[in-house]
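These numbers come from a predicted model, not from an experiment.
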Amino acid sequence: MENGNHETKIDVRIIVSGLDIAQLVSKAVNNIQLERDYNIVVSSIIPTVELDIVKKVAGGADILLIGGYGHDETYNILFNELKTDFNNIGLFDYNSIIVEDESIDDKLAEKEILNSIIKSTLSYSLNLINIHALENKLMKVTHNYNNLLDDYNQTVKENEILTQENNELREDISEVKSDFNAFKLRYEDIYSKKILEIFSLYDLWQDTFRQDLKDEERIVIATDKFKPDNVIVGQGFIAAESKSKAIEWLKIVRTALIFVDDNSDDLIKDLSSDSEPKVPEVRDDYDISNTFENFWD
């Protein structure tokens, strides 16, 4: 017996062994008014134990009642094939509707159907509670999963950004290393070179000789001419390896200048008394004698 859409009602389907039992069950169901009194609908009475047929008809039922003489082999086979997490299977026991003369009592049939449905409904309700609990857990798990998925996707995006930044940093590091290697190659001998200190020529002269420097140009000329190691003079400064080295050179230059100034007249006489003046040799590259008296002529 088929019924329409029963979304808010419990859908019960009864599997029996033959048409005679099916007629008896149909009559009993009509007499006990299940839909009116219990919000239960018996949507199908299936007069067969053929497994393929039963599977097609019983699919989607909330409660399945299997008719039989106790939990026999047929019941066990159908139970194992039809039981799911979303339905409940009960026994419609033929033994409970047969009287002493082995006839079937209609009233007992009504009572057995009602009792079987009620017991199965209670089990089904408990099963629904478990299902709802599992659904709630599933919803929470799904919610957590979605949150984790969002976090994962965000992490993937951030990882892509970090990967791009890391690649850019690697390129920058490569450029820095290249620049450093070039710098290192250019100045790798810097420790082998002597670094010169710079001093004020006027201050150093004053501190050393307690007099003002009046002729910087002659000191510059003398230094440029003799080119002492690691000594440079010019622009009012003197550069040397140390202050003592700078003072040492200034003392040498000062001594030479004093000597030249004191003997300038004698030198002029010696030059003018030369009896055999010689015509200077014409040279493309004329060397100036390394003497102080002609540095500033």
Linking I/L/V/M/F/W/Y whenever their side-chain heavy atoms sit closer than 4.5 Å, directly or via other members, would [X] and [Y] fall into one cluster?
X      : Y      : value
Phe209 : Phe199 : yes
Leu65  : Tyr69  : yes
Phe237 : Val220 : no
Ile32  : Ile63  : yes
Leu51  : Leu91  : yes

Rounded at 0.5 Å granularity, tell me how far [atom1] in [X] sits from [atom2] in [Y].
X      : Y      : atom1 : atom2 : answer
Glu168 : Ile173 : CD    : CD1   : 12.0 Å
Ile14  : Ile117 : CD1   : CD1   : 5.0 Å
Ile97  : Ile113 : CD1   : CD1   : 7.5 Å
Arg254 : Asp215 : CZ    : CG    : 13.5 Å
Ile219 : Trp249 : CD1   : CH2   : 10.5 Å
Asp203 : Ile238 : CG    : CD1   : 12.5 Å

For the residue pair [X] and [Y], what are the closest heavy atoms and their distance?
X      : Y      : result
Ala22  : Pro47  : CB-CB, 3.9 Å
Lys9   : Val41  : CD-CG2, 3.4 Å
Leu64  : Ala58  : CD2-CB, 3.6 Å
Val231 : Ala240 : CG2-CB, 4.3 Å
Glu50  : Thr48  : N-OG1, 3.0 Å
Ser96  : Leu108 : O-CB, 3.7 Å

Got a donor-acceptor contact below 3.5 angstrom from the [X] side chain to the [Y] backbone?
X      : Y      : value
Thr163 : Asn159 : yes
Lys83  : Asn80  : no
Asn166 : Leu162 : no
Asn39  : Glu35  : no
Glu197 : Lys243 : no

Count the heavy atoms belonging to other residues, nucleotides or ligands that lie under 6.0 Å from [atom1] of [X], then report whether that count exceeds 12.
X      : atom1 : answer
Gln235 : CD    : no
Leu148 : CG    : yes
Glu73  : CD    : no
Asp37  : CG    : yes

Report yes if the side chains of [X] and [Y] come closer than 4.5 Å at any heavy-atom pair, otherwise no.
X      : Y      : answer
Ile10  : Tyr38  : no
Leu213 : Gln206 : no
Leu24  : Asp106 : yes
Lys27  : Gln23  : no
Val49  : Ile66  : no
Phe92  : Val25  : yes

Query raised in the report: Does the pair Asp11/Arg13 count as a salt bridge with the N-to-O cut at 4.0 Å?
Result: yes
Query raised in the report: Regarding Tyr202 and Glu216, is there a side-chain donor-to-acceptor distance under 3.5 Å anywhere?
Result: yes
Query raised in the report: Taking it one step at a time, do Phe226 and Ile252 satisfy side-chain contact (heavy atoms from CB on, under 4.5 Å)?
Result: CA-CA 11 Å; Phe226 286 96; Ile252 293 173; over 6 Å; no
Requested in this report: Begin with the C-alpha distance, continue with both residues' side-chain angles, and end with the deciding distance and a verdict on side-chain contact (heavy atoms from CB on, under 4.5 Å) for Lys55 and Leu82.
Outcome: CA-CA 7 Å; Lys55 279 185 176 182; Leu82 301 177; 4.0 Å; yes
